[in-house]
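Convention: sequence-line order gives letters A, B, ...; per-chain numbering from 1.
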Amino acid sequence: MSQKVLLNAKEVNIILHRLACQLIEKHTDFSNTVLIGLQPRGVFLADRLAKILEEDYKVKNIQLGHLDITFYRDDFRRGEKTLEANTTKLNFLVEDKNIVFIDDVLYTGRSIRAALTAIQSFGRPNEIELLTLIDRRFSRHLPIQPDYRGRQVDVINNEKVKVNWEEHDNEDSVYLIEK
Amino acid sequence: MSELSVNHLLGIKYLKEEDIQLIFETADHFKEVINRPIKKVPSLRDITIANLFFENSTRTKLSFELAEKRLSADVINFSSGQSSVKKGETLIDTVNNILSMKVDMVVMRHPNPGAGVFLSKHINASIINAGDGAHEHPTQALLDSYSIREKLGDVNGKKVVIVGDILHSRVALSNIFALQLQGAQVMVCGPKTLLPKYIDKLEVKVETNLRKALNWCDVANMLRVQNERMDISYFPSTREYTQQFGVNKELLDSLDKEITIMHPGPINRGVEITSDVADSKQSIILDQVQNGVAIRMAAIYLLASKIKQ
């Protein structure tokens with residue numbers, strides 16, 4: 001198994017600030033916008049973006065939630081192991097809100113499809129956008145594309161993109177791992 | 001651990017402690033789901049479940065059916081009262097006929113102990129025991145333990161007394177297994193005639209004085225007096241039973257601590273517990289009912305995930 005660094009900590013930090021600025025450009029004051037990190041690993045990116053928006057760009061009252069999509073996935077009973085659920089934490093109404101789904105890697109698009117179904121259990125949003133740190137192009141199974149992307153990469157199918165976060169993995173980095 | 005060690009839920013005695021913890025963790029997520037505006041998830045939309053009730057049931061059947069529907073499974077229901085069982089059909093033939101309609105999972109209540117185990121050896125579907133005679137009622141025991149965990153933070157180290165008709169109760173036996181597996185201390189309390197002869201082998205404390213039992217415990221699980229199973233007289237009168245083994249507010253208030261009151265239902269109000277106890281803040285009876293749906297969703301979800309496509 002070999003691995004190659006796609007992004008180091010400094011590059012991740014630059015990209016996060018750019019993504020935060022792009023969100024401000026589109027949503028301005030965030031009064032009707034909610035950020036939703038997709039479990040399990042999109043939540044680190046969502047938490048980090050919310051922190052940057054609040055601390056570096058003084059955006060007040062960011063509404064941030066975590067959404068688990070386990071029960072909405074279309075590969076239940078297809079894998080070797082039972083799909084393990086994570087915590088959903090949405091302490092606000094999504095009705096008529098502008099939602100930004102946030103995930104670390106966009107690959108086949110099936111997770112986002114599941115998230116689009118899952119969010120319907122909480123109400124009818126006004127609009128849903130997608131933000132991903134890594135966009136694996138040429139690997140989509142569904143017609144889903146991000147509105148905000150950190151870095152677009154070409155990855156073949158026996159390779160995996162692994163995003164590490166300081167608070168969980170002790171470093172900010174993105175690796176391309178050959179399986 | 002992300003997978004159950006069993007393919008059927010036949011009884012607590014077949015489970016490991018890790019299985020119980022996995023079911024509880026999964027139930028935590030389903031509790032969140034059933035408090036959403038839309039309480040349904042699509043996980044089991046390609047699964048068909050048959051609820052086979054060879055014995056009457058109201059809340060267990062409703063709870064299972066609701067759990068199945070909230071997981072988006074297709075559900076068919078069967079009650080022996082209106083079926084070919086009355087015409088002499090065997091259990092295996094009845095179930096095989098239903099399974100030939102492409103059923104993936106069977107939830108069965110049966111008056112005979114061991115009916116689920118017997119069936120699991122002869123058919124090719126996942127089975128959940130929803131009560132087999134006076135043997136086991138695993139989902140009830142799971143939801144009882146889950147409710148204790150929710151109220152007191154942990155089951156491990158807690159003292160639980162099961163009061164009443166231990167002899168005829170599948171709830172008691174499954175509860176004893178489940179509580180012991182999780183490290184709780186268990187006592188049974190009831191008239192000597194309603195304590196089974198094998199009780200010594202279960203390594204539980206035995207008490208015939210209710211006040212002493214309540215003074216010992218953190219949780220009292222009050223069982224229903226099962227009039228339908230009382231083919232002979234086990235105690236002189238219901239009035240005398242209530243005087244000796246019924247819990248009322250006065251008795252609870254006279255204890256020097258606050259204990260949690262549970263009841264698997266249906267309650268004979270004024271017999272096992274009085275209305276003011278059943279409706280008091282010490283009672284978690286309605287929490288048990290709500291937790292029942294989440295626990296059954298978890299058990300069905302985890303078993304269904306082992307049925308590979």
Side-chain angles (χ1 to χ4, degrees), chain A residues 34 36-43 46 63-97 99 101 108-126 128 141-142 144, chain B residues 1-7 9 16 18-19 21-49 67-74 102 104-105 125-126 293-309:
Chain A
V34 298
I36 297 180
L38 303 186
Q39 288 277 21
R41 296 190 66 92
V43 300
Q63 296 190 87
L64 171 69
H66 297 165
L67 177 67
D68 183 52
I69 55 159
T70 308
F71 303 131
Y72 300 84
R73 280 171 53 168
D74 60 5
D75 55 352
F76 181 62
R77 298 197 294 121
R78 284 172 193 266
E80 286 295 305
K81 288 194 169 174
T82 307
L83 298 175
E84 261 184 283
N86 291 288
T87 309
T88 291
K89 196 173 68 186
L90 294 177
N91 301 324
F92 43 75
L93 295 173
V94 300
E95 192 74 24
D96 290 329
K97 290 276 170 33
I99 289 177
F101 279 156
T108 62
R110 287 176 189 269
S111 296
I112 308 304
R113 199 264 335 137
L116 289 167
T117 311
I119 201 66
Q120 288 174 17
S121 296
F122 297 89
R124 184 181 181 275
N126 178 51
I128 301 176
H141 295 179
L142 299 168
I144 287 170
Chain B
M1 190 169 133
S2 65
E3 198 168 70
L4 289 178
S5 66
V6 290
N7 292 323
L9 183 54
K16 296 176 179 164
E18 298 86 67
D19 291 320
Q21 294 311 325
L22 177 62
I23 292 171
F24 285 1
E25 281 160 25
T26 312
D28 286 341
H29 299 302
F30 282 122
K31 262 205 96 162
E32 187 270 316
V33 167
I34 58 184
N35 283 307
R36 291 178 187 174
I38 295 170
K39 302 163 181 62
K40 206 172 162 85
V41 294
S43 298
L44 265 66
R45 56 182 179 258
D46 56 346
I47 292 272
T48 305
I49 303 177
E68 291 151 5
K69 287 181 172 170
R70 287 191 171 157
L71 288 166
S72 301
D74 289 322
K102 303 288 179 199
D104 305 288
M105 191 181 281
S126 192
V293 178
I295 282 287
R296 289 177 177 120
M297 285 174 82
I300 293 167
Y301 173 82
L302 291 167
L303 286 174
S305 70
K306 301 191 86 176
I307 305 169
K308 294 299 173 197
Q309 283 183 327

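- The shortest non-hydrogen separation linking E32(B) to T88(A) is OE1-CB, 3.3 Å.
- For the atom pair CD (Q120(A)) and CZ (R36(B)), the distance works out to 12.0 Å, reported to the nearest 0.5 Å.
- Using a 4.5 Å heavy-atom threshold, the side chains of D74(A) and R45(B) count as touching.
- Atom NZ of K306(B) has more than 12 neighbouring heavy atoms from other residues, nucleotides or ligands inside a 6.0 Å radius.
- The line from CG of N86(A) to CD of E25(B) is 11.0 Å long, rounded to the nearest 0.5 Å.
- When heavy atoms are compared at a cutoff of 4.5 Å, L83(A) approaches chain B by way of both its backbone and its side chain.
- Ring-plane geometry between Y301(B) and F71(A) is classed as perpendicular, the angle between the planes exceeding 60 degrees on a 0 to 90 degree scale with a lower cut at 30.
- With a 4.5 Å cut-off on non-hydrogen atoms, K39(B) does not touch chain A at all.
- The two atoms that bring S121(A) and P37(B) nearest to each other are O-CD, 3.4 Å, heavy atoms only.
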